[in-house]
Amino acid sequence: MAKAMKGGAVSESAPIYYEEMSKVAGKENDKQSITLIATDDAYNFGDYITLRSRTGHKPQVLTDRGAIIAERMAEMMDAKVGDTITVTDSSGTERKVRVDGITEMHIGHFMFMTSGGYKHVFGEQYQSNAYMVRLKNHETSNVESRSAKLIKLDGAKGIVQNTTSKKQVATIVDLPDQIMEVLILAAELLAMVILYNLTNLNVSERIRELPTIKVLGGLGVLVYRRLKTVDMLGALKSVE
């Protein structure tokens, strides 16, 4: 496994400890999944995952005192820096963790620790069981192809891709823009229909009331067309 993490299509890799934890919380008070990632190389951890505050983008530094948790997880647990939270590990044991920092993450619940922090919380020696991998080619098709090959290696139990999370974020961000485009188009069409009908009504009334237009004959039709054109241009200008 370690040999496959070097050279070839892999740009760089780092061993980590990976565990799925849980917490009963949230508005529905249901079981929430929490991903724990611990590293023994806090200095280079930022090459793989950026830890920073949402306001001011202040870097969040990993220490041996506790953990840095995702902003969405902090909101779920109503936790602030300095608080102590309780999570349940994969064996069903509750663990108390001090919140050292909150990082900008809006999808998923993540908790990041150093090897020293892991030992302090779990009372066990740190031992990596997974790898973080950066590929030279970040194209989605290449990531999926490499993932299919890596999962076949001896000792590989699963692969977690961040491309899925990126797609979810892109979908969430693009959806309001698409909705606004539809609403703007509908508003433009509605404005054009209303002004067109008002113009027809206005000119029809004037034809009945103003004998001058009747006398003009064909010229009345010209005036009618010009009025409609002016109103249509006014409608387009107002929409802008």
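Owing to the predicted nature of the structure, the values given are computational and were not obtained by experimental measurement. For this chain, numbers begin at 1 and follow the sequence in order.
- Between the OG1 atom in Thr55 and the CD1 atom in Ile102 there is a gap of 10.5 Å [rounded to 0.5 Å].
- When atom types are taken as modelled, the side chain of Asp83 and the backbone of Val99 share no donor-acceptor pair closer than 3.5 angstrom.
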Identify all side-chain donor-acceptor contacts of residues 75-82 below 3.5 Å with residues at least two apart in sequence or on another chain.
none

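- Partners of Asp41 by side-chain contact (heavy atoms from CB on, under 4.5 Å), not counting sequence neighbours, listed by chain and number: Thr39, Tyr43, Asn44.
- One finds the CG atom of Leu62 at 8.5 Å from the CZ atom of Phe112 (value rounded to the nearest 0.5 Å).
- In this view, Glu19 and Tyr17, Ser90 satisfy the side-chain hydrogen bond (donor to acceptor under 3.5 Å, both in side chains) rule, not counting sequence neighbours.
- Across Thr50 and Thr103, no two heavy atoms sit closer than the pair O-OG1, 3.7 Å.
- In the hydrophobic clustering of ILVMFWY residues, with side-chain heavy atoms under 4.5 Å counting as a link, Ile69 and Ile34 come out together.
- Between Lys96 and Val121, the shortest heavy-atom contact is O-CG1, 3.8 Å.
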Next item on the list: Evaluate the criterion side chain to side chain contact (heavy atoms under 4.5 Å, CB included) for residue pair Met73 and Val87; output intermediate values, then yes/no.
Entry: CA-CA 11 Å; Met73 178 178 169; Val87 295; 4.2 Å; yes
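- The OG atom of Ser115 sits 13.5 Å away from atom NE2 of His120, with the distance rounded to the nearest 0.5 Å.
- Nearest heavy atom pair, residue Lys58 against residue Gln60, reads O-NE2, 3.1 Å.
- Atoms OG1 and CZ, on Thr86 and Arg95 in that order, are 11.5 Å from each other to the nearest 0.5 Å.
- The side-chain hydrogen bond (donor to acceptor under 3.5 Å, both in side chains) test applied to Ser33 returns Glu20, not counting sequence neighbours.
- In this structure, Val97 is a member of the same hydrophobic cluster as Tyr118, with clusters built from ILVMFWY side-chain heavy atoms closer than 4.5 Å.
- Smallest separation of non-hydrogen atoms from Met111 and Ala67: CG-CB, 3.6 Å.
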Check: Run the side chain to side chain contact (heavy atoms under 4.5 Å, CB included) check on Phe122 and Leu36 step by step: do they pass?
Finding: CA-CA 12 Å; Phe122 292 86; Leu36 167 64; 3.7 Å; yes
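- Tyr48 OH to Glu12 CD: the interatomic distance, rounded to the nearest 0.5 Å, is 4.0 Å.
- Residues Ser53 and Gly56 come closest through the heavy atom pair OG-C, 4.3 Å.
- Cluster note: Leu189 groups with Leu185 through ILVMFWY side-chain heavy atoms spaced under 4.5 Å, whether in direct contact or through intervening members.
- The OG1 atom of Thr88 lies 7.5 Å from the CE atom of Met21; values are rounded to the nearest 0.5 Å.
- Take Tyr18 and apply the ring pair (Phe, Tyr, Trp, His ring centres under 6.0 Å) test, not counting sequence neighbours, and it matches no residue.
- Not counting sequence neighbours, the partners of Ser91 by the side-chain contact (heavy atoms from CB on, under 4.5 Å) test are Asp89, Thr93.
- Cluster note: Val182 groups with no other residue, as no ILVMFWY side-chain heavy atom lies under 4.5 Å from it.
- One hydrophobic cluster, built from ILVMFWY side chains closer than 4.5 Å, cannot hold both Ile85 and Leu51; they sit in different ones.
- Considering only residues two or more places apart in sequence or on other chains, Tyr126 meets the ring pair (Phe, Tyr, Trp, His ring centres under 6.0 Å) condition with none of them.
- Residues that satisfy the side-chain hydrogen bond (donor to acceptor under 3.5 Å, both in side chains) test with Asp64, not counting sequence neighbours, are Thr114.
- You'll find the side chain of Phe45 reaches within 4.5 Å of the side chain of Ile37, heavy atoms only.
- Listed by first then second residue, pairs satisfying salt bridge (Lys or Arg N to Asp or Glu O under 4.0 Å) with a partner in residues 101-119 read Arg52-Glu104, not counting sequence neighbours.
- The side-chain hydrogen bond (donor to acceptor under 3.5 Å, both in side chains) check on Gln127 picks up nothing, with sequence neighbours excluded.
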